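Because the structure is predicted, anything quoted here is derived from the model rather than measured. One is the number of the first residue; the rest follow in order along the sequence.
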Amino acid sequence: MLTGNVSGSRSSSRVSQISVSPLSIAFGRVKAGTASAKTITLNNSGAADVTVSSAGVTGKGFSVQGLAMPLTLAAGQSASLTVTFAPEAAGDVAGSVSVASTAANSPAAVAVSGTGEVESLSANPSGLSFGSVGLGGNSALPVVLSNTGNTSITISQVAATGAGFSVSGPALPLTLAAGQNTSFSVTFAPTSTGSSTGNLSVVSDASNSPAAVSLSATGAGRHSVTLSWAPSASSGIKGYNIYRGIISGGPYSRLDSSPVTVTNYTDSTVEAGETYYYVMTALDADGDESAHSNQASAVVPLP
């Protein structure tokens, strides 16, 4: 009979394993200057204790917090940490959260991604100077609004402050897609002489609302020509007619609607930069006119 002893040993091992959930996080579009937070769950899915020593992250704008390290998880125990995406600029960002531990499968990783969303509206130019504008006149200058962000912007209000300033367009509300622009006019029509300042305010849902444009202008006095003469030496004069031409020697056009009974007259219908020629006649009681007087001329300055 063959006899013998068969001996052997069976060793039992306690495997350490850590799992993360979810395996990837997509934050989507997040406005620059704000933050979005999501949770990652760490689970000790093995049979032995696991000590988590660190949790790091790559990718601009991502951060992790919520766990005091080192942290020991018993078998079956779980813990959570928070991943935050706080973009500072526009564009797509990708990164990874890496959890280092004593587990056999260390480091455990979670892919993270997001898009920084910037709502920005710019006005060009940032200031409008209308210079000198005469009373009764007006001057219009353009303003261009551009969506310089990467998401659509809705403009709800465009208003001008300051004496004499007004806005022509655009039709509101107006939505501009990323990269799109629109233009409209600001008008200065002075109601008095002297300097005038104001502001153009553009209200939108952009993060930098309201966009502003400074306004400045000067109201210039309306030009006029004042004529005066010695009274006629003839008797029975009931008034005078005033005539004006733009060529020396005529022809002339009558300015007054009824005879002028004094010996002066102000012509307020002149234009800057023009030269005018004036003559007058005297009228007797029967309405008969004398011959033209000597011609007088006046040069209206600019502006």
More than 12 heavy atoms of other groups within 6.0 Å of K60 NZ: no

Within one Ile-Leu-Val-Met-Phe-Trp-Tyr cluster: V144 and V213, side-chain cutoff 4.5 Å: no

Path from L174 to V167 over hydrophobic side-chain contacts below 4.5 Å: yes

Pair T148, S120: side-chain N/O donor-acceptor within cut-off below 3.5 Å: yes

Nearest heavy atoms of P259 and L283, plus distance in Å: CG-CD2, 4.3 Å

Within 6.0 angstrom of D288 CG, more than 12 heavy atoms from elsewhere: yes

F184 vs V143, side chain to side chain contact (heavy atoms under 4.5 Å, CB included): CA-CA, chis, key distance, verdict: CA-CA 6 Å; F184 59 97; V143 174; 4.0 Å; yes

Donor-acceptor under 3.5 Å (S216 side chain, T197 main chain): no

Heavy-atom closest contact (K31 atom, P87 atom, distance): O-CG, 3.9 Å

Exercise: identify the closest heavy-atom pair between V279 and Q295: CG1-CA, 3.8 Å

I153 vs T175, side chain to side chain contact (heavy atoms under 4.5 Å, CB included): CA-CA, chis, key distance, verdict: CA-CA 6 Å; I153 292 173; T175 298; over 6 Å; no

Residue E271 excluded, over 12 heavy atoms near CD under 6.0 Å: no

Ring geometry between Y240 and W229 (parallel below 30°, tilted from 30 to 60°, perpendicular above 60°): perpendicular

Test item: side-chain donor near acceptor, N150 and E117, under 3.5 Å: no

Side chain to side chain, S168 and T187, heavy atoms closer than 4.5 Å: yes

Evaluation steps, side chain to side chain contact (heavy atoms under 4.5 Å, CB included), between Y265 and M280: CA-CA 10 Å; Y265 179 82; M280 55 163 288; over 6 Å; no

All pairs passing side-chain hydrogen bond (donor to acceptor under 3.5 Å, both in side chains) where residues 72-86 contributes a residue, at least two apart: T51-T72, Q65-T84

Heavy-atom pair with the smallest gap, counting every atom of I18 and S101: CG2-OG, 3.9 Å

Interatomic distance, T41 atom OG1 to L81 atom CG [nearest 0.5 angstrom]: 8.5 Å

Nearest non-hydrogen partners of G149 and A178, listed with the distance: O-CB, 3.5 Å

More than 12 heavy atoms of other groups within 6.0 Å of E274 CD: yes

Atom CG of L172 with >12 non-hydrogen neighbours under 6.0 angstrom: yes

Approximate separation, where rounding is to 0.5 Å, of L128 CG and L200 CG: 7.5 Å

Check ion pair D267-R244 (N to O, under 4.0 angstrom): yes

Check: F27 ring centroid to F85 ring centroid under 6.0 Å: yes

Close side-chain approach of V97 to V112, heavy-atom, < 4.5 Å: yes

Student check: side-chain heavy atoms of V260 and I242 closer than 4.5 Å: yes

T115 and D92: side chain donor to acceptor below 3.5 Å: yes

Residue of the set V262, T263, I237 for which side chain to side chain contact (heavy atoms under 4.5 Å, CB included) holds with P231: T263

Inter-residue atom distance N181.CG - S146.OG, 0.5 Å rounding: 4.5 Å

Same apolar cluster (I L V M F W Y, side chains within < 4.5 Å links), V64/I25: yes

Pairwise distance CD1(I40) to OG(S24) - rounded to 0.5 angstrom: 10.0 Å

Smallest separation among heavy atoms of L135 and P190, with atom names: CD2-O, 3.8 Å

Side chain to side chain contact (heavy atoms under 4.5 Å, CB included) assessment of L176 paired with T182: CA-CA 8 Å; L176 297 180; T182 187; 4.2 Å; yes

Test of ring centre spacing under 6.0 Å for F130 and F165: yes

Side chain to side chain, N264 and L227, heavy atoms closer than 4.5 Å: no

